[in-house]
Amino acid sequence: MTITAEQIDLWRSSASETQNLEFKEAKNQYDTKKLCCYCVAIANEGGGHLVLGVADKPPRPVVGSGAFLDTQNIAEKLFQWLGFRVDVESVAHPDGRVVVFIIPGRPKGTAYHYDGAYLMRSGEELVPMSEDQLRRIFAEGQPDWLEFPALKDASAQDVVQLLDTQTFFDLLHLPYPTDQSGVLARLLDERLIERSASGFHILNIGAVLLAKSLRSFSGISRKAARVIVYASESKLRTLSDVTGEKGYAVGFTGLVQDVMGKLPQNEVIEDAIRKEIKLVPEVVIRELLANALIHQDFEMGGASPTVEVFANRVEISNPGEPIVPVERFIDGYQSRNERLADLMRRFGICEEKSSGIDRVIEAAELMQLPAPEFLTGHKRTTVVIHGPRSFRDMNGSDRVRACYQHCVLQYVLRRQMTNQSLRERFGLSEGSSNTVSQIITATIEQGLVKSDPNAPDSRRYARYIPAWA
């Protein structure tokens, strides 16, 4: 396909660069090592285009490029360097020459690398793929862990005895069948079990969702959620350590209630009435528990979703590093386990399209709690929810994190952050405008937010959007 000047203008008009579209000015030349790295990263993201001769900041004027005048020569070299073909076209745009690299997507089950680095894009940066991401790519085309049998050749009676089929039908708001064959037929339709030569295989997804006791399935017993309560703000003394038994779907309500029952209580006064409230609201616990169960890496053995309750915070973690960068948790969505997410949504346990984290941030803002922390460690993802803390007691990183999350939430809600909206988020008066301006400035300096280029040119009416927007 020949790239036209009209196509260049269409790309230039897009709201932002994507994983599959990158602009570079490259007025005179472009570093071949960077070129190779971008080709590898874009190929690993499904393929796309690298465009030279166009500024990468809106309104993205065509500046013209003198790089790679011999397009056939650079295409041949790229094939030698990378081992896959990249087509290169020189486009005569009215405002200058544009060079377009047409990069194919990687084959299924294959990840490309350059000098041993398996690269992908993260915002405007190129970063190495995590071990989790590479494992998922190399496993493409192979059966998913959830589709393997947890128990082979079970009888019909075994199936209904081991799985909580009554709760399954209740969650789907369906009448319970009048006979056993109707129950089995529905489980087969949902691909939670499958027929075998001697009866039925109960698949991992069926067991992990519906098991009356996960201990009945040796291969998934370690996937049960664990709730640990500590006596203080550290792990020095443990008050309780309990591992659940039920499948995620049939035991979810009980898990939420168990965690809520173990949270510390704070005393507040509302309308002259003294009240006891939980450290963290239930909506936050519910959404984060659902996320931890759904987005865990089931391929990791000997690890389970864990809730740790401290005197001043709650930490909810799951095995596996996230497939969406933590700074994009609020607006981005990509499910690690699509079919599990779909079933949990139909059971009414979660929202499938990312609104869960939005609710967590909204709840934190409504109750003026410190902003949640989203952390990645060695093969683990953790969310830290802090209990009530006054603005005065928040440190600089707390305030910057809250500013960024507020800005992203406003952007997702089709609004924009202002000094006033951030003051309201912190519960501050108009007299604190200078303090809030300093927080916004610090967040801009960290490359997290930026001024809205379409806002009036006035500090009083300044508006802000995420740096990646």
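Quantities reported herein were computed from a predicted structural model and do not represent experimental measurements. Numbering of residues begins at 1 and proceeds along the displayed sequence. Values reported hereafter were calculated over all heavy atoms of this structure, with side chains retained and with hydrogens, waters and symmetry mates removed.
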Carboxylate-amine/guanidinium contact [X] [Y], below 4.0 Å:
X	Y	answer
Lys235	Glu308	yes
Lys57	Glu25	no
Asp297	Lys379	no
Asp342	Arg339	no
Glu125	Arg121	no

Using atom types as modelled and distance alone, determine if a side-chain donor or acceptor of [X] lies under 3.5 Å from a backbone N or O of [Y].
X	Y	answer
Ser451	Pro453	no
His49	Val51	no
Arg313	Ile385	no

Between the side chains of [X] and [Y], does any donor sit under 3.5 Å from an acceptor?
X	Y	answer
Glu424	Ser421	no
His386	Glu373	yes
Arg423	Ser429	no
Lys223	Tyr248	no
Thr238	Asp241	no
Thr306	Arg226	no

Can you name the one residue among Leu239, Val242, Leu279 that meets side-chain contact (heavy atoms from CB on, under 4.5 Å) with Lys262?
->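 Single side-chain contact (heavy atoms from CB on, under 4.5 Å) partner of Lys262 among Leu239, Val242, Leu279: Val242.
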Parallel, tilted or perpendicular: ring planes of Tyr230 versus Phe310, cut at 30 and 60 degrees |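 Geometry flag for Phe310 against Tyr230: parallel rings.
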How are the rings of Phe298 and Trp145 set to each other: parallel, tilted or perpendicular (split at 30° and 60°)?
->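 The rings of Phe298 and Trp145 lie parallel, inter-plane angle below 30°.
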Under 6.0 Å between the ring centres of Tyr112 and Tyr118?
->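 Aromatic pair excluded; centres sit 6.0 Å or further apart.
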Is the distance between the ring centroids of Phe347 and Phe252 under 6.0 Å?
->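 No.
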Take Tyr38 and Phe101 through the test ring-ring contact (aromatic ring centres under 6.0 Å, His included) and record every step on the way to the result.
-> CA-CA 10 Å; Tyr38 270 103; Phe101 292 82; over 10 Å; no
For Arg380, does the CZ atom have more than 12 heavy-atom neighbours from other residues, nucleotides or ligands under 6.0 Å away?
->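 Above 12, so yes.
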Distance-minimising heavy-atom pair for Leu369 and Gly387 |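 Nearest heavy atoms, Leu369 then Gly387: CD2-C, 3.9 Å.
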